[in-house]
Asker: 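One structure coming up, written as structure tokens, with questions to follow.
From a predicted model like this one, the values you see are computed outputs, not experimental measurements.
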Amino acid sequence: YPTWKRTLTRRAREAQMKRFCKAQAIQRRLEEIEVTFRELEQQGIKLEKLLRDEEGTLADQKTQWMNQLLYLVQKKNSLMSEESDLMIAVQELKLEEQQWQLDQKLRCYMNREESLKTPEDRAAEQKILVQLLDVVNKRNILIHVQEEKRLSEL
């Protein structure tokens, strides 16, 4: 291999490893969010029971429980938003990986001498190019969704 091919191969492996590590971090965070959801749900159930069962409770105590319940709902909503962002990131990583694989296949066809290509090779190259454009469009849509979500949160 010439030096440039080794460099490209190394960079591709590094990018793939980076995507893998990012995917693992996202998976861990999604699991943490799930655990936190369960904890918040249990706390919410306890607070709801307290609010329903305690008829002789002071109004201040009920107000405090209601505020705690609202805080739990707010926290749950923020976790749901984060979970949504993470799911978009997962889709982004999948599309990135798919784009990289299609790019590698396309490079193989494009590196061949034009006079040596069969009609099947040209058709396969064209098919890969169409798939690659489709993946790029999907990534663009995801970025658009993220931007709209960010703007709506502001």
Asker: Would you check if D103 and I128 make a side-chain contact, meaning some heavy-atom pair closer than 4.5 Å?
Answerer: no
Asker: Let me confirm one number: the CZ-CD distance from R112 to E125, rounded to the nearest 0.5 Å.
Answerer: 9.0 Å
Asker: As an exercise, state the distance from CG of N67 to CD of Q74, rounded to the nearest 0.5 Å.
Answerer: 11.0 Å
Asker: For I143 and E92, which heavy atoms make the closest approach, and how far apart are they?
Answerer: CG1-OE1, 4.2 Å
Asker: V135 and Q99: which non-hydrogen atoms are nearest, and at how many Å?
Answerer: CG1-CB, 3.8 Å
Asker: Given 3.5 Å as the limit, does a donor-acceptor pair link the side chain of N140 with the main chain of V136, or not?
Answerer: no
Asker: Assigning hydrophobic clusters by single linkage (Ile, Leu, Val, Met, Phe, Trp, Tyr; side-chain heavy-atom cutoff under 4.5 Å), is L72 placed with M80?
Answerer: yes
Asker: Between CH2 of W65 and CG of D60, what distance do you get to the nearest 0.5 Å?
Answerer: 11.5 Å
Asker: Evaluate the side-chain proximity of E48 to L51: yes if any heavy-atom separation is below 4.5 Å, no if none is.
Answerer: no
Asker: So R150 and E147, salt bridge (Lys or Arg N to Asp or Glu O under 4.0 Å) or not? Walk me through it.
Answerer: CA-CA 5 Å; R150 186 186 67 78; E147 185 63 21; 2.6 Å; yes
Asker: Taking V90 as the fixed residue, which of I26, D85, L95 is the one that meets the side chain to side chain contact (heavy atoms under 4.5 Å, CB included) rule?
Answerer: I26
Asker: Salt bridge check, R29 against E82: does any charged N sit closer than 4.0 Å to a carboxylate O?
Answerer: yes
Asker: For Q43 and E39, what are the C-alpha separation, side-chain angles and deciding distance, and is it a side chain to side chain donor-acceptor pair (under 3.5 Å)?
Answerer: CA-CA 6 Å; Q43 292 174 7; E39 291 171 357; 5.7 Å; no
Asker: Taking the side chain as C-beta and beyond, is there a heavy-atom pair between L40 and L79 under 4.5 Å?
Answerer: yes
Asker: Counting C-beta onward and ignoring hydrogens, is there a side-chain heavy-atom pair between R139 and Q91 closer than 4.5 Å?
Answerer: no
Asker: Can you tell me if N137 uses its side chain to pair, donor with acceptor, with the backbone of L133 under 3.5 Å?
Answerer: yes
Asker: Just wondering, are more than 12 heavy atoms of other shown residues or ligands nearer than 6.0 Å to CD in E148?
Answerer: yes
Asker: Is it true that E114 and K117 make a salt bridge, defined as a side-chain N closer than 4.0 Å to a carboxylate O?
Answerer: yes
Asker: To the nearest 0.5 Å, how far apart are CG in L30 and CE in M87?
Answerer: 6.0 Å
Asker: Could you grab the distance from atom NZ of K75 to atom CG of N77, nearest 0.5 Å is fine?
Answerer: 12.5 Å
Asker: Should the heavy atoms of other residues, nucleotides or ligands under 6.0 Å from CZ of R10 be counted, would the total exceed 12?
Answerer: yes
Asker: Show, in sequence, the C-alpha distance, side-chain angles and deciding distance for Q64 and Q61, and conclude whether the side-chain contact (heavy atoms from CB on, under 4.5 Å) test is met.
Answerer: CA-CA 5 Å; Q64 185 180 2; Q61 184 65 44; 3.8 Å; yes
Asker: Is there a path from Y109 to V130 through hydrophobic residues (I, L, V, M, F, W, Y) whose side chains come within less than 4.5 Å of each other?
Answerer: no
Asker: Could you tell me if the side chain of Q24 sits less than 4.5 Å from the side chain of R28, heavy atoms only?
Answerer: yes
Asker: Side-chain contact test, heavy atoms from C-beta onward, threshold under 4.5 Å: evaluate it for R19 versus W100 and give yes or no.
Answerer: yes
Asker: Answer yes or no: is there a side-chain heavy-atom contact under 4.5 Å between Q27 and L86?
Answerer: no
Asker: Does a side-chain N-to-carboxylate-O contact under 4.0 Å join K149 and E153?
Answerer: yes
Asker: Checking T3 against R6 for the side-chain contact (heavy atoms from CB on, under 4.5 Å) test, could you report, in this order, the C-alpha distance in whole Å, the side-chain angles of both residues, the deciding distance, and whether it holds?
Answerer: CA-CA 5 Å; T3 305; R6 282 194 306 261; 3.5 Å; yes
Asker: Check step by step if side chain to side chain donor-acceptor pair (under 3.5 Å) holds for E113 and S115.
Answerer: CA-CA 5 Å; E113 192 67 39; S115 60; 4.7 Å; no
Asker: Measure from the side-chain N and O atoms of T63 to the backbone N and O of A59, and report whether any donor-acceptor pair falls under 3.5 Å.
Answerer: yes
Asker: How long is the straight-line distance from CG of L50 back to CD of Q68, given to the nearest 0.5 Å?
Answerer: 9.0 Å
Asker: May I ask you to decide whether K18 forms a salt bridge with E14, counting only side-chain N to carboxylate O separations under 4.0 Å?
Answerer: no
Asker: Does the pair K127 and Q131 meet the rule for a side-chain contact (heavy atoms from CB on, under 4.5 Å), with working shown?
Answerer: CA-CA 6 Å; K127 183 180 175 186; Q131 289 174 337; 3.8 Å; yes
Asker: If we ignore hydrogens and angles and just use 3.5 Å, is the side chain of D121 paired with the main-chain N or O of T118 as donor and acceptor?
Answerer: yes
Asker: Give the cluster check for L129 versus M110: same hydrophobic cluster or not, with ILVMFWY residues linked at side-chain heavy-atom distances below 4.5 Å.
Answerer: yes
